[in-house]
Amino acid sequence: MLFKQQALLRQKLFVLGSLAIGSLLYLVARVGSLDRLQPLCPIDGRFGPRSQDEIQLRALQFKRGLLHEFRKGNATKEQIRLHNLVQQLPKAIIIGVRKGGTRALLEMLNLHPAVVKASQEIHFFDNDENYAKGIEWYRKKMPFSYPHQITIEKSPAYFITEEVPERIYKMNSSIKLLIIVREPTTRAISDYTQVLEGKERKNKTYYKFEKLAIDPNTCEVNTKYKAVRTSIYTKHLERWLKYFPVEQFHIVDGDRLITEPLPELQLVEKFLNLPPRISQYNLYFNATRGFYCLRFNIVFNKCLAGSKGRIHPEVDASVITKLRKFFHPFNQKFYQITGRTFNWP
Ligand code: A3P
């Protein structure tokens with residue numbers, strides 16, 4: 001009898017304890033989400049001394065981390081009303097390049113308190129059906145933010161889709177455009193690896209990279225292969241330059257973003273006229289993942305999904321050499337146009 005009573009008491013204590021922890025977590029999440037939306041300071045370049053900023057930033061990072069863990073969707077109706085939140089068209093877009101590190105770039109920029117990311121790829125400008133829905137449809141896809149914050153979206157298909165530059169120009173001719181590139185052959189193999197994984201998931205077989213990248217009749221590089229075409233960066237950029245001046249683009253080194261993300265992010269902050277807010281504290285190397293991950297505070301951090309950072313299949317050395325030789329003149333032109341030189345072979 002006594003034993004039964006004790007068990008009942010233990011059960012009650014357990015239920016009460018769980019309720020208390022649950023409520024505490026809920027409260028913490030609510031506070032976090034409100035603070036995420038709190039403006040830190042306006043983006044006008046006039047900022048106080050660095051030391052003062054850092055104290056604020058630590059506190060903000062802590063609270064933002066909680067938000068990232070607990071917030072599931074957009075702000076609540078109550079928050080929208082209380083804080084005059086708005087859904088804003090993006091002031092900057094990561095237009096590509098597919099497999100260049102577009103997700104990492106977006107997530108890392110989102111560490112900045114004045115940046116709000118659109119989590120999903122919206123595919124507004126490259127998809128005719130979406131585009132036909134109109135600009136209001138696009139705006140409604142954007143996250144809620146304070147008017148002083150900037151919204152950024154990424155849809156890597158924009159870079160290679162014919163109609164996109166003109167469509168974006170019509171929306172905002174002074175928009176800032178970010179392009180993240182990697183060494184073209186590595187990017188092409190990464191692109192292939194993604195498609196290969198998709199086929200394997202569906203239990204389908206697929207060609208070897210070598211077979212797709214090299215035309216068996218001519219033994220030359222197969223320029224009809226999409227993964228090859230996408231890596232001819234200069235060809236795509238030239239189309240964009242018919243609409244936007246080169247100063248409106250910022251080229252991000254995707255290979256460096258992997259090994260040394262902070263300096264790359266600092267260049268982007270400068271390009272976007274944002275005060276420097278992303279620090280080494282926000283980025284830590286995770287040896288298991290083999291990549292930098294994001295730290296919001298001492299408790300909360302996150303790495304990108306496992307689909308980012310796949311192991312590439314081995315590719316025949318002669319094919320790699322052939323591809324590198326093929327891309328070389330296009331790369332030279334790309335450096336010349338953009339003013340950013342890479343050590344690509
Ligand atoms: P791999 O899978 O070939 O390694 P995208 O987001 O445009 O699809 O780009 C994916 C690439 O982002 C990955 O290509 C990976 O190398 C790169 N990347 C850059 N920084 C990363 C990070 N911190 N974590 C995971 N992947 C990262």
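When a ligand or atom number is given, it counts from 1 through the structure's own listing order. Values in this document were obtained by computation on a predicted structure and should not be read as measured data.
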Review point. Got a sec, which residues hit side-chain contact (heavy atoms from CB on, under 4.5 Å) with V195, two or more places apart in sequence or on another chain?
Key: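 If we apply the side-chain contact (heavy atoms from CB on, under 4.5 Å) test to V195, skipping adjacent residues, the hits are R98, D191, K199, Y206.
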Heavy-atom pair of closest approach, residues [X] and [Y]:
X: W344; Y: Y233; answer: CH2-CE1, 3.6 Å
X: E269; Y: R277; answer: OE2-N, 2.9 Å
X: F244; Y: N172; answer: CE2-O, 3.9 Å

**Study point:** Listed partners of Y138 passing ring-ring contact (aromatic ring centres under 6.0 Å, His included), at least two apart
**Key:** F124, F125
Atoms of ligand 1, numbered as shown, that sit under 4.0 Å from any heavy atom of [X]:
X: I258; value: 16 (O), 18 (N), 19 (C), 20 (N)
X: A104; value: 19 (C), 20 (N), 21 (C)
X: G100; value: 7 (O), 9 (O)
X: Y292; value: 22 (C), 23 (N)

Review point. Ligand 1 versus M108, non-hydrogen atoms closer than 4.0 Å: side chain, backbone, both, neither?
Key: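 The part of M108 near ligand 1 is the side chain, not the backbone.
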Give yes if a backbone or side-chain nitrogen or oxygen of [X] is under 3.5 Å from a nitrogen or oxygen of ligand 1, and no if not.
X: R103; answer: yes
X: S307; answer: no
X: R289; answer: no
X: R182; answer: yes
X: G309; answer: yes
X: H312; answer: yes

Check your understanding: Given the rule that I, L, V, M, F, W and Y join up when any side-chain heavy atoms are under 4.5 Å apart, are L262 and Y284 in one cluster?
Key -> no
To the nearest 0.1 Å, how far is [atom] from its closest protein heavy atom, and which atom is that?
atom: atom 22 (C) of ligand 1; value: F291 CD2, 3.6 Å
atom: atom 7 (O) of ligand 1; value: T102 OG1, 2.6 Å
atom: atom 9 (O) of ligand 1; value: G101 N, 3.1 Å

Would you tell me whether [X] and [Y] have side-chain atoms, one donor and one acceptor, within less than 3.5 Å of each other?
X: H328; Y: N331; value: no
X: Q88; Y: T151; value: no
X: E238; Y: T234; value: yes

